[in-house]
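A short write-up of the structure that comes next.
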Amino acid sequence: MPDVLNRVKIAKSFGSASKSYDVSSRLQRYTGKHLMSLLPNRTDITIVDLGSGTGFFTDILASKYQQTIGVDISNKMLTFAQENRSKEISWLEADAYHLPLKDNSIDVIYSNLVIQWCDHLDIIVKEILRVLKPGGLFIFSTLLDGTLHELKSSWAQVDDEKHVIDFKTPEYMESVFDNGSCKLLEHKTKNLVLEYQNVMHLARELKGLGANHVAKEKGKGLAGKDKWNKMTSSYQDFQEPSGIYPATYSVYSGIVVKLND
Ligand SMILES: C[S@@+](CC[C@H](N)C(=O)[O-])C[C@H]1O[C@@H](n2cnc3c(N)ncnc32)[C@H](O)[C@@H]1O
């Protein structure tokens, strides 16, 4: 499996945020609710919430569907979800690259803002198609290139290291989801701009979500502080007349159907 170490770090970062996640997740709440409107009306189905996090949406799925399974790579996220969500839900600690689910066994996979953490989306798609029944749906949202461009370009003024994860392009998304095995039934890209009081507010929100593992790799201490100050000073170029600091999220949502073999 590719990049296992990186995924251990991702799991650790999200795990450390299991208690702060729900109050920091305004973007995730917005996109997750939109995905809910794309779900099928039939209720006698088995649905998986892939990358279920604190289980906020898994709980809503469980109130509607016959069988709901929450899957996450972070043990701490799963523990939080297990303690706070419906007892009807089955929880699985697993990696999206290797789902402990049988072939052709799942009707719908719902996944809100998770697959941007998976570099090898082509492998994830194969795994999703393996477990979905023919005609089964993958209903998802993710983030595309352009996300956090203000932060990325502000860091680029300071050094040439990676401070923001790489996001995929819309063309790439279409190439992985529109092939002989599956079809992209519908998709939408929407740029959402969230407002922050300052750059520290943005950094705290990313940390509260556990979505900061790339930034965490940066140096600490004086050199780190110096670089941080340079970056925040570059970010001022984006400050709006009202005083707020914007951060752009390019949200891509879609419905994919598994074609018959
Ligand atoms: C931004 S959170 C989204 C949580 C939830 N879907 C929501 O809408 O609130 C991303 C979640 O995906 C999980 N995750 C990241 N990479 C994963 C992988 N390879 N396999 C399974 N879960 C993964 C993280 O542990 C985290 O809980």
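Counting starts at 1 for both ligands and their atoms, following the listed order. The structure displayed is predicted, hence computed values, not measured ones.
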Give a yes or no answer on whether the side chain of Asn198 reaches the backbone of His201 with a donor-acceptor pair at less than 3.5 Å.
-> yes

Ring center gap for Phe177 and Phe140 short of 6.0 angstrom | yes

Please list, chain by chain and in numerical order, all residues satisfying side chain to side chain contact (heavy atoms under 4.5 Å, CB included) with Val257, sequence neighbours excluded.
-> Leu137, Lys183, Leu185, Leu259

Would you mind listing each N/O atom of ligand 1 next to any protein N/O under 3.5 Å, plus the distance?
unit_1	atom_1	unit_2	atom_2	d
ligand 1	6 (N)	Gly51	O	2.7
ligand 1	6 (N)	Asn112	O	3.0
ligand 1	8 (O)	Asn112	ND2	2.7
ligand 1	9 (O)	Tyr21	OH	2.8
ligand 1	19 (N)	Asp95	OD1	2.9
ligand 1	20 (N)	Ala96	N	2.9
ligand 1	22 (N)	Ile73	N	3.3
ligand 1	25 (O)	Asp72	OD1	2.6
ligand 1	27 (O)	Asp72	OD1	3.3
ligand 1	27 (O)	Asp72	OD2	2.7

Between Lys227 and Glu161, does at least one N-O distance fall below 4.0 Å, as a salt bridge requires?
-> yes

Do the charged groups of Lys64 and Asp44 touch, with an N to O distance under 4.0 Å?
-> no

Among Ile45, Ile60, Val108, find the residue that satisfies the side chain to side chain contact (heavy atoms under 4.5 Å, CB included) test when tested with Leu39.
-> Val108

